[in-house]
2 protein chains.
Amino acid sequence: MKHATILDVAREAGVSKSLVSLVMRDSDRVSPSSREAVLEAAKKLGYRPNAAARTMVRQRSSVIGVMVSDLHNPFFADVIDGIDMAVGDAGYRSILTTGNRVSDRERLAVATLLEMRVDGLIMVSPVVNRGCAIEASESVPVVVVGKATRAPTVDSVTNDDRNGAGMVIDHLVELGHRRIAHIDGGIGAGSQPRRTGYSRSMKRHGLENEIRSVRGGFTEDGGSMGMQSLLATGPRPTAVFVANDLAAIGVLKVLDTEGLSVPDDISVVGYDNTSMAASHRLGLTTVDQPRHDMGRMAAELVLASIDQPRSTASHAVLSPKLVIRESTGPPPTSLEGEKRRP
Amino acid sequence: MKHATILDVAREAGVSKSLVSLVMRDSDRVSPSSREAVLEAAKKLGYRPNAAARTMVRQRSSVIGVMVSDLHNPFFADVIDGIDMAVGDAGYRSILTTGNRVSDRERLAVATLLEMRVDGLIMVSPVVNRGCAIEASESVPVVVVGKATRAPTVDSVTNDDRNGAGMVIDHLVELGHRRIAHIDGGIGAGSQPRRTGYSRSMKRHGLENEIRSVRGGFTEDGGSMGMQSLLATGPRPTAVFVANDLAAIGVLKVLDTEGLSVPDDISVVGYDNTSMAASHRLGLTTVDQPRHDMGRMAAELVLASIDQPRSTASHAVLSPKLVIRESTGPPPTSLEGEKRRP
DNA sequence: CTTGAGTGTTGGAACGTTCCAATCGTTTCG
DNA sequence: CGAAACGATTGGAACGTTCCAACACTCAAG
């Protein structure tokens, strides 16, 4: 039940270990007869190459390590898909570790990968501080996805959230909205640029007096709270731009219980384009991030760094896309003021 | 920018490599002064142990490999959480690979782990045929999660889907339903036991004449199709048990467009208790699988097998839990001429 | 017939650890 | 005072590969 080694195979096939090694690496300077004998022996013994030994002597593993902060967010699944694809095409393999949004565990997850001597490291939306990425970048190329990381040795792939927010406001203004509020994501990553994008865009449309931004969060409850505080104070907005889809669902919940109709009374926009947003009972207008492309891009950056170390970091910023569904429409007719639900 | 080795550290600290090794492994037979010197040197050089070398000589990696079929299903995230937790507590680490529901890629994912010489392998809802698991089990303990795998060398952790389906029917019957239909999951794993559980339970309630099972699938579209065919032929059921949440959402979509109200006209039940099912606009009654526990259990099984190889496989079957929400209620009118259950 | 250039094949030296047996000081004790 | 016991430290032999230099052959050209 133990593992057969190259030597066992060599003995079985009646050749030297070197020849077995050559066959395993698909060398073309092996005679067909020896090749066959070796393959047969290998099969018989259930031989499996030992990656540890190979990594050891070759001084590289041909593996890219990916640290993911949280597998619960389906967002990451697509990113990882993109990574896997690009990494596989380049003849590398990828392995993942998780940190569950806990700094210490993320640090451990990264350490595990580095100790395994991955040839490159991709950190997807890390929660842990950037020191960890910088430290890692001392021994291996590192790319951070989803979190702007200004460091001279760490590449990054992010989404242009400011621009995404701008597209949302453009869409709402085009529909005729003016009183557009924002429920932000609190302290989470991505919150700040979305908020900034909101205010800038409002100003661009000459709506600086309508700017109204309240504290929310990236959770359903966060969205609910934000919406409640919006309804409790000041004039009711005709549209709300929420920090992400999950929070937007919380907003819808509040609006439903308040008897307000979406989008007749109020339009709601989320962010992330989760599959939930697409569900017909929600039909949430939202912003799609090119998740797959972000992953692919991240992989290409690490692979490029492995091939050809650069002295300056690359920072790729991809563009989001507005996805219009049923949660947005024209504001309640301005002539009649506010329409009431029966 | 290269990796420092134990020898570099030894030189820097003015001691032997063996001593450095002892310090790294937290031996207690090292004098405090040498320990400090070594740690300082290690820090200065940014030393990181080389897992490949260690694995090599120790003939074990202290790593558990996890192959996940599909990261898109949030179901798996919880399972992995459970695995990570149990594995970590036992002093092991875990690494993941994915196969994206493609047999060949799953096989590669498994091979990657085995070549890295993981000490144990957990396959979560593999799509690849069981031969792959059996083969792997020749060199390392293997546990399959979510798919019944009858093989003498492969452990498994599954959910009692038949029982889960039974709980659904019990709940519906208790509400007064008799005409309960089932939309199945097609050929996917888990489909068959849920269907069987449905029919058995119907019979148990003396409703064998009401049994009506149509082909659906584990996707939104699959559910929609199933519902359409239910509505197109025969008397309309007062309740529908759908193979999973996603398909149930497809069912809701059809009912909405047909102008049928849930649960007033018809009750709908899903399976899996995805976060989507909990969303207020859906409020789907569903069956929760103890995902976290399944992961933990799987980890405990591999770890036990590593410690103490068993000659016979263990098959753990966990119990699901009914989660009642707003998509189920009493049938439209009390069924005339028939007594309700007390 | 000798040389030179291929073909195939081979042993040996790494790679960075762990672990064992051996060594070197000290201290304790008879 | 010598031996024994102990604590701290050390060199060397693995572990399973890769890769290089070297080696046999065979065959063509000189």
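We name chains A, B, ... by the order of the sequence lines, and we start the count at 1 in each one.
- Contacts between residues 19-34 of chain B and DNA chain C, counted as heavy-atom distances below 4.0 Å, involve B:S21, B:R25.
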Please step through salt bridge (charged side-chain N to carboxylate O under 4.0 Å, His left out) for the pair A:E138 and B:R48, ending with a clear verdict. CA-CA 11 Å; A:E138 276 162 27; B:R48 233 181 252 283; over 6 Å; no
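- Residues A:V63 and B:M116 meet the side-chain proximity criterion, which asks for heavy atoms closer than 4.5 Å.
- Judged by distance alone, the side chains of B:S21 and B:S18 never bring a donor and an acceptor atom under 3.5 Å apart.
- Between A:D155 and A:V142, the closest side-chain pair of non-hydrogen atoms is not below 4.5 Å.
- No salt bridge links B:R291 with B:D81; every basic N to acidic carboxylate O contact stays at or beyond 4.0 Å.
- A:D70 and A:S125 are not linked by any side-chain donor-acceptor pair at a separation below 3.5 angstrom, with hydrogens and angles left out of the test.
- Comparing B:K17 and B:M56 along DNA chain D, the residue whose closest nucleotide (by nearest heavy atom) sits nearer the 5' end is B:K17.
- Nucleotides of DNA chain C lying under 4.0 Å from heavy atoms of chain B occupy a range whose first and last members, 5' to 3', are C:dG16 to C:dC19.
- The distance from atom CZ of B:R35 to atom P of D:dG7 is 15 Å, rounded to the nearest whole Å.
- B:R296 has a carboxylate O that lies under 4.0 Å from a charged side-chain N of B:E300, or vice versa, which qualifies the two as a salt bridge.
- Contact annotation: the side chain of A:R150 approaches that of A:R130 to within less than 4.5 Å [non-hydrogen atoms, C-beta and beyond].
- The residue A:S18 sits close to a base: some heavy atom pair falls under 4.0 Å.
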